[in-house]
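Report on the structure given below.
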Amino acid sequence: MDRYNFKITEEKWQKLWEEKKVFSTKVDKNKKKFYCLEMFPYPSGKIHMGHVRNYTIGDVLARYKTLQGYNVLHPMGWDSFGMPAENAARQNNLDPKTWTESNIKTMRSQLKKLGLSIDWDKEISTCSEDYYKHQQNFFLDLYDKGLVYRKENYVNWDPVDETVLANEQVVDGKGWRSGATVERKKLNQWFFNISKFSEDLLQGLDALENWPNKVKIMQKNWIGKSFGCEVEFKIESEKPIESIKCYTTRPDTLFGFSFLALSVDHPLAKYYEEDKEFQKFTEECSKTGTTEESIASAEKLGFKTDLVAINPLDKNMKVPVYFANFVLMDYGLGAVFGCPAHDQRDLDFAKKYNLKITPVVKPEKDKDFEINNEAYTGEGYLYNSNFLDGLKVPSESIIKTIELLEKNNLGTKKTNYRLKDWGISRQRYWGCPIPMAYDENDQPIKIPRDMLPVKLPEIEKLSNTGNPLDSEDSWKFFNLDGKKYRRETDTLDTFVDSSWYFLRFCSPHNLDRGFTQEEIDYWMPVDQYIGGVEHAILHLLYSRFFMQALSFQNEKFKLKEPFDGLFTQGMVCHETYKDKDNKWLSPEEISTNDGENYFKKIDTTEKITVGPIESMSKSKKNAVDPENIINNYGADSVRLFILSDSPPEKDVQWSDQGMVASYKFLQKLWLLNSKILEKIETDKSSFTNETLSKFTNQLIYKITQNLEKFHYNVIIANLHEMYNFLIKEIEKPMKTEILVENYKKILIAMIPFIPHFANECLTKINKNPIQWPVILKGELIEESINFVIQINGKKRALLKVKNNISEEDLLKEIQENKDTEELIKKQKIVKTIFVSNRLINIII
RNA sequence: GCCCUCGUGGUGAAAUUGGUAGACACAACGGACUUAAAAUCCGUGCCUUUUUGGAGUGCCAGUUCGAGUCUGGCCGAGGGCACCA
């Protein structure tokens, strides 16, 4: 029996797809479009299993939609600006461009070996001038609309990468890439005014029905809308300070007011800058780390001022004003009113400085209510609150108090958002140059559009510290109209690059514009976007913002949401191994005989500790190289494995046995194929085969349903069932046409999963046009059904009866059948529950 | 602390959305073939003495003729946010 030679077959089909440009698409208004996009990769060197999974999932969908007759856009590109290139260039003494381009070459050929249905003619790379030229244009567009501004601000400074990070890029107080503890630094930075669209970005989430709820909730929390009011507190002081405004979501607790606290960065701090004690205090505050634990456990510290704040609702209520370490300048107004009874932080602070604690909210039922070590934040009624007494908390109290404050000009209703503007300046060489310059007075000017792109200068050797562009004087300074200018040397955050690349795919080669309206009107939005959940906030929120920004003051551009459907796939995981010195070992370095005890290959006496199953990573050495696997087993087998067993949205564990099993399954399918071909040659009988037709139709139905729901793992199981059924069924004599017709449908249904194999088999039986098989609804109905007979809710028997049997007929059958009649013999039937074509429950 | 998701065999998981729990596969064990091994094929899998029996989807309760699925409470795991006023 011949074995399936994946090497020859896969090469043959990949060559054919490439030469005939099978996946090349263009705008065709007569056809329904489908834009299938997977998050484009960073060209880090080689592809990893995560890529294999991501692009296989996308490819299944793209091929399925193509077979259904859609005009499918399925492109690929490179997120090719970024720090790894710069770091690698320094280490290896070459320039980032060379490094990046060689990586792209490697990874492109690796991806092609996976047999993806990608339109490679539309390939783009964000580090090419053709790409970032348009990005600079968009930057100027946004600048003209007032959506870009420059300000001096405290920034998250990564001391290892020597660059600024966005808030989104700081994880647990550490840089998301370097892992270094982030410092606070004051710098002049460019910002995108993303907070202007807080409400639109929040509202827009509701319409995204095909997004995972989880991602929408994460974005919602990140935007962090809160409702409250700004309250003005009159101040008694010798200094020229008349009042301080605070933002609060709980104005109803104003009668529990016992102090007012300011951030050390509050404008009023200027009156205390000379004060030695205050200087000491601010120094103390800056020592507090930014990590999770240090924030949670940090002691509440305050610096008492000589100011006295007056409760706007009670002129006789006068409280001290503090600077406090727990008040943030960049949320609200950098000032809070303290109500210790009903806010934990305020309570901690009040206890430390012996401030008054007046409870003003009482839970309905608790008569002996008092505040000890825990602030009460629950529901109840107001008391100790003069004219507010008795209001229901929170349903009445907050609104009523705000109304009252507004009426007396003491405060204003206010909605607040946690989302802050997006700092986009990076002190890096390998990024898109910001198309701005400064005149002799340090005033920013735009680079004229006809001078775009501002190209990155070619630098032979990158400086070891700081931003290389800073020391590139011949690039940095230029003359225009007889005046001397200094270029902006910061480059754009690479998340800007990925905020619009999906638009570029629609017009990838247009030199004049980033995209044409006609092309994005046809292709956009992306119908299905597929990628890792780690981009739930960063990339996905930025891309949504970019659409808002492009459509702002622009009648033609109406696209508000770039991604109609979103699917977040799980990670590829593997066991981890450590030797006796606690060093990570790769799977290739170890061996086992029984699957339980592992040893070092080079020293078989040394036992290995098997660690937890974690997502594949270089640092833990638990990654499996896709290239080896593809060479050993073929792309179809890898695709099969990566799709089996685990649902795409969940993590999958790499297993060598699983990989081998998928390979074997493909061999079995090849065997089946050979048998079928032989049968077509030899079987001259004229029997029809209804069972086969019904089975096939049922199978196509199941596969179609599961495709729509991304239940790809179930489809692989369906294919196993298909094999188990067919290998027996073809033993029966049957008409050739019946077999061919059904087998062809099955093969077509396999194309999305194992495209090389399925196409190869198809050419051997039929050359007719290939399209997704039509499901015959009528055929789905079985003639006879295994009817479940329940007595008092318990399954007692299965009865084979004809389809659509009525309750009366069924009961008759039960009485006539010798196995079932005993169950109800001589019993009085109280009640029956009849579910058509499924079960009957007889209560006796 | 707040928010979200998930708990089904030794393992990864299915379950027509309230209707036969464990499809399909991995691993294990037993058998067939073989001089032998590999490969391949067949079978087994909780409890009870056989069965056309019983229990059983993290735990406890509830709704229902019927619950893995719905409701409430608890326990456990994972993820997100976090001095956000």
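Lettering follows sequence order; numbering is per chain, from 1.
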Both conditions, 6.0 Å and 45 degrees, for the charged tip of A/Arg3 above the ring of A/Trp670: are they met here?
no
Does a sphere of radius 6.0 Å around NZ in A/Lys352 hold more than 12 heavy atoms from other residues, nucleotides or ligands, not counting ones at 6.0 Å or beyond?
yes
For nucleotides B/rG56 and B/rG66, find the distance between their P atoms and express it as a whole number of Å.
15 Å
Measure from CG on A/Asn325 to P on B/rA85 and round the result to the nearest Å.
17 Å
Centres of the A/Phe567 and A/Phe710 rings: under 6.0 Å?
yes
Output the rounded distance in Å from CG (A/Asp348) to P (B/rA85).
16 Å
A/Lys831 has a side chain; which of B/rC83, B/rC65, B/rA55 sits nearest to it?
B/rC65
Who are the salt bridge (charged side-chain N to carboxylate O under 4.0 Å, His left out) partners of A/Lys245, not counting sequence neighbours?
none
So A/Ile217, base contact, sugar-phosphate only, or nothing? Heavy-atom distance under 4.0 Å.
sugar-phosphate
With sequence neighbours excluded, residues passing salt bridge (charged side-chain N to carboxylate O under 4.0 Å, His left out) with A/Lys214:
none
So, OP1 or OP2 of B/rG54: does either fall under 4.0 Å of a side-chain N or O from A/Arg796?
yes
Both A/Lys728 and A/Asn213 contact RNA chain B. Taking the nearest nucleotide for each, which residue is further toward the 5' end?
A/Asn213
Taking the C1' atom of each, how far is B/rC83 from B/rG78, in whole Å?
26 Å
Name all pairs fulfilling the side-chain hydrogen bond (donor to acceptor under 3.5 Å, both in side chains) condition that reach into residues 327-342 of chain A, sequence neighbours left out, sorted by first residue then second.
A/Ser226-A/Tyr331
Just confirming the chi classification of B/rU52, syn or anti, using 90° around 0 as the syn window.
anti
Tell me: CD of A/Glu534 to P of B/rG79, nearest whole Å?
14 Å
Would you measure the distance from the C1' atom in B/rC60 across to the matching atom in B/rC84 and give it in whole Å?
38 Å
Which part of the nucleic acid, if any, lies within reach of A/Thr248 when heavy atoms closer than 4.0 Å are counted: base, sugar-phosphate only, or nothing?
sugar-phosphate
Gap in Å between the two C1' atoms, one belonging to B/rU5 and one to B/rG10, rounded:
26 Å
Starting at CZ of A/Phe710 and ending at P of B/rA14, how long is that distance when rounded to a whole Å?
15 Å
For residues A/Phe757 and A/Tyr4, establish whether the separation of their ring centroids is below 6.0 Å.
yes
For B/rG79 and A/Lys214 - does any side-chain N or O of the residue sit under 4.0 Å from the phosphate oxygens OP1/OP2?
no
The dot-bracket string of RNA chain B, counting Watson-Crick and G-U wobble pairs with both distances under 3.5 Å, using [ ] for crossing pairs and | for pairs to another strand, is (((((((..(((......[....))).(((((.......))))).((.....))...(((((..]....))))))))))))....
With rounding to whole Å, what would you report as the distance between B/rA37 and B/rG58 at their C1' atoms?
45 Å
Between C1' on B/rA85 and CG on A/Leu347, what's the gap in Å once rounded to a whole number?
15 Å
Who are the side-chain contact (heavy atoms from CB on, under 4.5 Å) partners of A/His720, not counting sequence neighbours?
A/Phe665, A/Ile716
If you compare every side-chain N and O of A/Tyr331 against the phosphate oxygens of B/rA85 (OP1, OP2), does one of them come in below 4.0 Å?
yes
A/Tyr633 and A/Phe641 aromatic centres sub-6.0 Å
no
Per nearest nucleotide of RNA chain B, the residue lying toward the 5' end, A/Val652 or A/Val336, is A/Val652
How many whole angstroms separate atom NE2 of A/His535 from atom P of B/rG79?
18 Å
Nearest-Å distance once atom P is located in both B/rC24 and B/rG45:
14 Å
Donor/acceptor link under 3.5 angstrom from A/Lys300 side chain onto base of B/rC83:
yes
Could you tell me how far B/rU69 sits from B/rA15 if I compare only their P atoms? Round to whole Å.
15 Å
So A/Val327, base contact, sugar-phosphate only, or nothing? Heavy-atom distance under 4.0 Å.
base
Could you give the side-chain donor-acceptor pairs of residues 835-844 of chain A under 3.5 Å, partners two or more places apart or in another chain?
residue	atom	partner	partner atom	Å
A/Asn837	OD1	A/Asn804	N	2.9
A/Asn837	ND2	A/Asn803	OD1	3.1
A/Asn841	OD1	A/Gly793	N	2.8

Can you tell me which nucleotide in B/rA27, B/rA85, B/rG54 comes closest to the side chain of A/Thr249?
B/rA85
Using atom C1' of each nucleotide, how far apart are B/rA82 and B/rC2 to the nearest Å?
8 Å
Separation of B/rC2 C1' from A/Asp343 CG (nearest whole Å):
13 Å
Could you classify B/rG9 for me, syn or anti, using a glycosidic angle within 90° of 0 as syn?
syn
Mind calculating the distance between OH (A/Tyr376) and C1' (B/rG1) to the nearest angstrom?
16 Å
Between B/rA85 and A/His342, is there an OP1 or OP2 to side-chain N/O distance shorter than 4.0 Å?
no
Sequence-distant partners of A/Glu575, salt bridge (charged side-chain N to carboxylate O under 4.0 Å, His left out), two or more places apart:
none
Considering only nitrogen or oxygen atoms on both sides, find all protein atoms under 3.5 Å from nucleotides 19-25 of chain B and state each distance.
residue	atom	partner	partner atom	Å
B/rG19	N2	A/Gln790	OE1	3.4
B/rA23	O2'	A/Glu721	OE2	2.6
B/rA25	OP1	A/Asn724	ND2	3.4

Using a cut-off of 4.0 Å on non-hydrogen atoms, how would the nucleic acid contact of A/Lys220 be classed: base, sugar-phosphate, or nothing?
nothing
Which residues pass the side-chain hydrogen bond (donor to acceptor under 3.5 Å, both in side chains) test with A/Lys356, sequence neighbours left out?
none
Does A/Lys664 make a side-chain N or O approach to OP1 or OP2 of B/rU40 shorter than 4.0 Å?
yes
Among B/rA55, B/rC81, B/rA13, find the nucleotide with the atom closest to the side chain of A/Lys794.
B/rA55
